[in-house]
> 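Below is a structure I'd like to ask you about.
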Protein chains: 2
Amino acid sequence: MPDKEMITVLEAPTREEAAEAVKSALSRRRILMMVGNCWVNYQGRARSILNPGERILIIKEDGSVLVHRPRGYEPVNWQPPGCIFHSGLEGDVLFIKAVRRKPREVLQVFFDKIYFLAAMSLLDKGEFSLHASEEEMQKAIMNQPSLIEDGLRIIAYEKKVEPGFVDVYGVDRDGRLVVIEIKRRTAGKEAVLQLSRYVDSLRGEHGRKVRGILVAPKIARQA
Amino acid sequence: MPDKEMITVLEAPTREEAAEAVKSALSRRRILMMVGNCWVNYQGRARSILNPGERILIIKEDGSVLVHRPRGYEPVNWQPPGCIFHSGLEGDVLFIKAVRRKPREVLQVFFDKIYFLAAMSLLDKGEFSLHASEEEMQKAIMNQPSLIEDGLRIIAYEKKVEPGFVDVYGVDRDGRLVVIEIKRRTAGKEAVLQLSRYVDSLRGEHGRKVRGILVAPKIARQA
DNA sequence: CGTGCCAGGTGCCAT
DNA sequence: ATGGCACTTGGCACG
């Protein structure tokens, strides 16, 4: 059960209480969650202004910041990990300033009403594993080249890239070089251009016949 | 101040209390925030497993889902808006299942400890404005072509040419066609290739001198 | 470090 | 719906 040391919850705190809790959470590198009425300025690679409204603010222990509106998967404003924080009261407003160096970016959040605030330390050692559903396709091609074409021999593959994309090099039944590009998603014209550039460059290099094969769940009409 | 109707906070609820609160929040389309020990399965475009650990779960009123670990800007698991939910108790475990159609994706979160739960309705009508996007750069150039070059006349923007779209299209002081490609970030060789394809295509089409201009904060060494 | 490239990318807007 | 493309893209691997 939640130890008092582990999670602190304030419902409808005063701005002074909230300011104190924010300072404490940030200095102790605890995770901070706040809900209230706020407005946000961002300046850095771009510049943005978010007018007042009710949102969720999350500051994580690694110094990343998220501002979430009531809708949408993405945060409306954010700051990547590594920020340095300043916070305090400015008149009737609680401000939190998150500064990132390299590139220099500043995010400022101003609260005039705080509905609730939570500060906590979470322990998460759980392993995360992601399996691309097309990864089996890649393995299948490596193990069973005949899935693509009879008589195909695999020579090499670009194993450095992440699952979902791999270049496979092989030789077909007639001794021609074969370049296979696997796309996990619908392949657009950019994929075709990229493959054709590979093929051209290999053709120039080897002076042999080279074929390119594009393997994808779907190909845009410009095939 | 937070109306009881507006925000409900449960500290260290029992699983039964939490299950009730979750059902209520989901059916009334309120925003749900939970903190506790959980594990997560995802299956859809890919497949993932997240082993047990302490995390933050947020379900928004539009049916989007976020699972956040204690670190990192990005959610470890998520679901875009529009999900349909099922939840309940399965033995000692509180489960929440978020199903998305088109594409079919299923996210399942299982809690065995809930440290904290909040359900709320937030009102957010605040306008969001972002500046210094590529769009704004384009407008600035459209309004003030001399920013690029004296004597430049703009003819069109987002003009469709063979390989794709040209950002800005004009004629310079000496009557030569000018193609301007705008990149908000460091322009790599891909941008150069793209621009050169545009230039080639237009040169072939018009049989006139064509210049390409790349507008970007920085250009990779392969210029 | 910069450069390149994938991502369960997401989102926006065009046809 | 499909396609094309920008994004404060973020993230990682590699030279």
Side-chain angles (χ1 to χ4, degrees), chain A residues 40-48 50 64-67 71-82 98 100 102-107 128-135 158-167 181-191 194 217-223, chain B residues 40-48 50 64-67 72-81 100 102-107 128 130-138 158 160 163-167 181-194 217-223:
Chain A
V40 186
N41 287 328
Y42 158 77
Q43 176 143 17
R45 287 168 291 180
R47 208 171 328 120
S48 79
L50 177 60
S64 47
V65 183
L66 302 168
V67 180
R71 293 168 164 277
Y73 150 83
E74 293 193 319
V76 59
N77 277 113
W78 69 92
Q79 203 71 290
R100 177 194 189 196
K102 204 54 176 128
R104 168 91 181 179
E105 295 185 291
V106 181
L107 182 73
F128 177 71
S129 54
L130 176 67
H131 307 283
S133 44
E134 278 79 15
E135 187 182 7
E158 260 343 294
K159 62 176 175 292
K160 67 183 176 214
V161 289
E162 282 299 303
F165 169 89
V166 65
D167 283 338
E181 172 149 345
I182 302 178
K183 285 269 173 232
R184 71 157 38 264
R185 300 171 291 176
T186 302
K189 63 183 177 188
E190 214 36 64
Q194 186 176 350
K218 203 172 164 207
I219 298 184
R221 261 184 280 280
Q222 292 81 327
Chain B
V40 185
N41 286 330
Y42 157 78
Q43 178 144 16
R45 287 168 290 178
R47 211 170 326 124
S48 78
L50 177 61
S64 48
V65 184
L66 302 168
V67 180
Y73 151 84
E74 291 192 320
V76 59
N77 278 113
W78 70 93
Q79 203 70 290
R100 178 194 190 195
K102 207 43 184 148
R104 169 92 182 177
E105 296 185 289
V106 181
L107 182 73
F128 177 71
L130 178 66
H131 310 280
S133 57
E134 170 167 333
E135 188 188 358
E136 294 242 334
M137 286 199 220
Q138 184 172 325
E158 292 295 323
K160 184 99 171 73
F165 285 87
V166 165
D167 289 336
E181 170 78 21
I182 303 173
K183 283 281 167 250
R184 245 191 50 69
R185 302 184 299 167
T186 303
K189 62 183 178 190
E190 207 45 54
V192 176
L193 274 169
Q194 189 175 353
K218 204 172 161 206
I219 298 185
R221 262 184 283 280
Q222 292 83 327

> Base, sugar-phosphate alone, or nothing: which one does B/Gly188 contact when heavy atoms must sit under 4.0 Å apart?
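Here B/Gly188 touches the backbone only, sparing every base.
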> B/Pro80 or B/Glu190: which one's nearest nucleotide on DNA chain C is closer to the 5' end?
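It is B/Glu190 whose nearest nucleotide is closer to the 5' end.
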> Compare side-chain N and O positions of B/Arg185 against OP1 and OP2 of C/dG4 and report whether any pair is under 4.0 Å apart.
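Checking B/Arg185 against C/dG4: no side-chain N or O falls below 4.0 Å of OP1 or OP2.
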> In terms of side-chain heavy atoms of A/Leu130, which of C/dG8, C/dT3, D/dT8 is nearest?
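Side chain of A/Leu130 sits closest to C/dG8.
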> What is the distance, rounded to the nearest whole Å, between atom CZ of B/Arg100 and atom P of C/dT10?
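In whole Å, C/dT10 P and B/Arg100 CZ are 6 Å from each other.
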> Closest-nucleotide mapping onto DNA chain D: is A/Val76 or B/Gly72 further toward the 5' terminus? I mean the 5' end.
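Counting from the 5' end, the first nearest nucleotide belongs to A/Val76.
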> So if I take every side-chain heavy atom of B/Glu181 and compare against D/dA6, D/dT8, D/dG3, which nucleotide ends up nearest?
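Of D/dA6, D/dT8, D/dG3, D/dA6 is nearest to the side chain of B/Glu181.
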> Which is more 5' along DNA chain D, the nucleotide nearest B/Phe128 or the one nearest A/Pro81? Just name the residue.
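Looking at DNA chain D, the more 5' nearest nucleotide goes with B/Phe128.
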> Could you tell me whether A/Arg47 contacts a base, only the sugar-phosphate backbone, or nothing, with contacts defined as non-hydrogen atoms closer than 4.0 Å?
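It contacts nothing in the nucleic acid.
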> Can you give me the closest heavy-atom contact between B/Glu105 and B/Gly44, atom names plus distance?
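Closest approach of B/Glu105 to B/Gly44: CG-CA, 3.7 Å.
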> Hey, does the side chain of B/Arg45 come within less than 4.0 Å of C/dG9's phosphate (OP1/OP2), counting only N and O?
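Checking B/Arg45 against C/dG9: at least one side-chain N or O falls below 4.0 Å of OP1 or OP2.
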> OP1 or OP2 of D/dC5 sitting under 4.0 Å from any side-chain N/O of B/Lys183?
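No, B/Lys183 has no side-chain N/O under 4.0 Å of OP1/OP2 on D/dC5.
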> Determine whether the aromatic ring of A/Tyr73 stacks with the base of C/dT10, defined as ring centroids separated by less than 5.5 Å and ring planes inclined by less than 30°.
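The base of C/dT10 is not stacked with A/Tyr73 (the test needs centres under 5.5 Å and planes under 30°).
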> Indicate whether OP1 or OP2 belonging to D/dT9 is found under 4.0 Å from a side-chain N or O atom of B/Arg184.
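Affirmative; the distance criterion is met.
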> Using a 4.0 Å heavy-atom cut-off across all strands, classify B/Gln79 as base, sugar-phosphate, or nothing.
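It contacts base atoms.
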> Look only at the side chain of B/Gln79 and the backbone of B/Ser64, and say whether a donor-acceptor pair between them is shorter than 3.5 Å.
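Such a contact is absent between B/Gln79 side chain and B/Ser64 backbone.
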> Expressed as a whole number of angstroms, how long is the span from A/Leu66:CG to D/dG10:P?
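Taking atom P of D/dG10 as the reference, CG of A/Leu66 is at 12 Å.
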> Could you tell me if the side chain of B/Arg184 sits less than 4.5 Å from the side chain of B/Pro217, heavy atoms only?
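No - every pair of side-chain heavy atoms lies 4.5 Å or more apart.
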> Atom CZ of B/Arg221 to atom C1' of D/dG15: distance rounded to whole Å?
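One finds 11 Å between C1' of D/dG15 and CZ of B/Arg221, rounded.
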> Rounding to a whole Å, what distance do you find between A/His131:NE2 and C/dA7:P?
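It is 15 Å, rounded to the nearest whole Å.
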> From C-beta outward on B/Trp78, which listed nucleotide comes closest to its side chain: C/dT3, C/dG9, D/dG10?
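So the side chain of B/Trp78 is nearest to C/dG9.
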> If you check the A/Lys102 side chain, which of C/dG2, D/dT9, D/dT2 turns out closest?
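It is C/dG2.
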> Roughly how many Å is it from CD1 in A/Ile219 to C1' in D/dT2, rounded to a whole number?
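Whole-Å distance recorded here is 15 Å.
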> Mind checking if A/Pro103 touches a base, just sugar-phosphate, or nothing, with heavy atoms under 4.0 Å?
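No contact.
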> Between B/Asn41 and B/Ser48, does any side-chain donor sit less than 3.5 Å from a side-chain acceptor?
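Per modelled atom types, B/Asn41 and B/Ser48 side chains form no pair under 3.5 Å.
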> Starting from P on C/dG2, measure out to NZ on B/Lys189 and report it in whole angstrom.
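Nearest whole value for this atom pair: 18 Å.
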> Quick one: is C/dG11 close enough that its OP1 or OP2 comes under 4.0 Å of any side-chain N or O from A/Arg71?
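No, A/Arg71 has no side-chain N/O under 4.0 Å of OP1/OP2 on C/dG11.
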> Where the side chain of A/Thr186 is concerned, which of D/dT9, D/dG3, C/dA7 is the nearest nucleotide?
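For the A/Thr186 side chain, the nearest candidate turns out to be D/dG3.
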> Could you go through the side chain to side chain contact (heavy atoms under 4.5 Å, CB included) check for A/Val65 and B/Tyr73 one step at a time?
CA-CA 7 Å; A/Val65 183; B/Tyr73 151 84; over 6 Å; no
> Describe the nucleic acid contact of A/Val106 in one word from base, sugar-phosphate, nothing, applying a heavy-atom distance below 4.0 Å.
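Result for A/Val106 = nothing.
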> Send over the distance from B/Leu50 CG to C/dG8 C1', rounded to a whole Å.
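My rounded result for the distance is 14 Å.
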> What distance separates B/Arg221 CZ from B/Thr186 OG1, expressed to the nearest 0.5 Å?
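One finds 11.0 Å between CZ of B/Arg221 and OG1 of B/Thr186.
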> Can you identify which nucleotide, out of C/dG11, D/dG10, D/dT8, has its nearest atom closest to the B/Glu74 side chain?
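Nearest nucleotide to the side chain: D/dG10.
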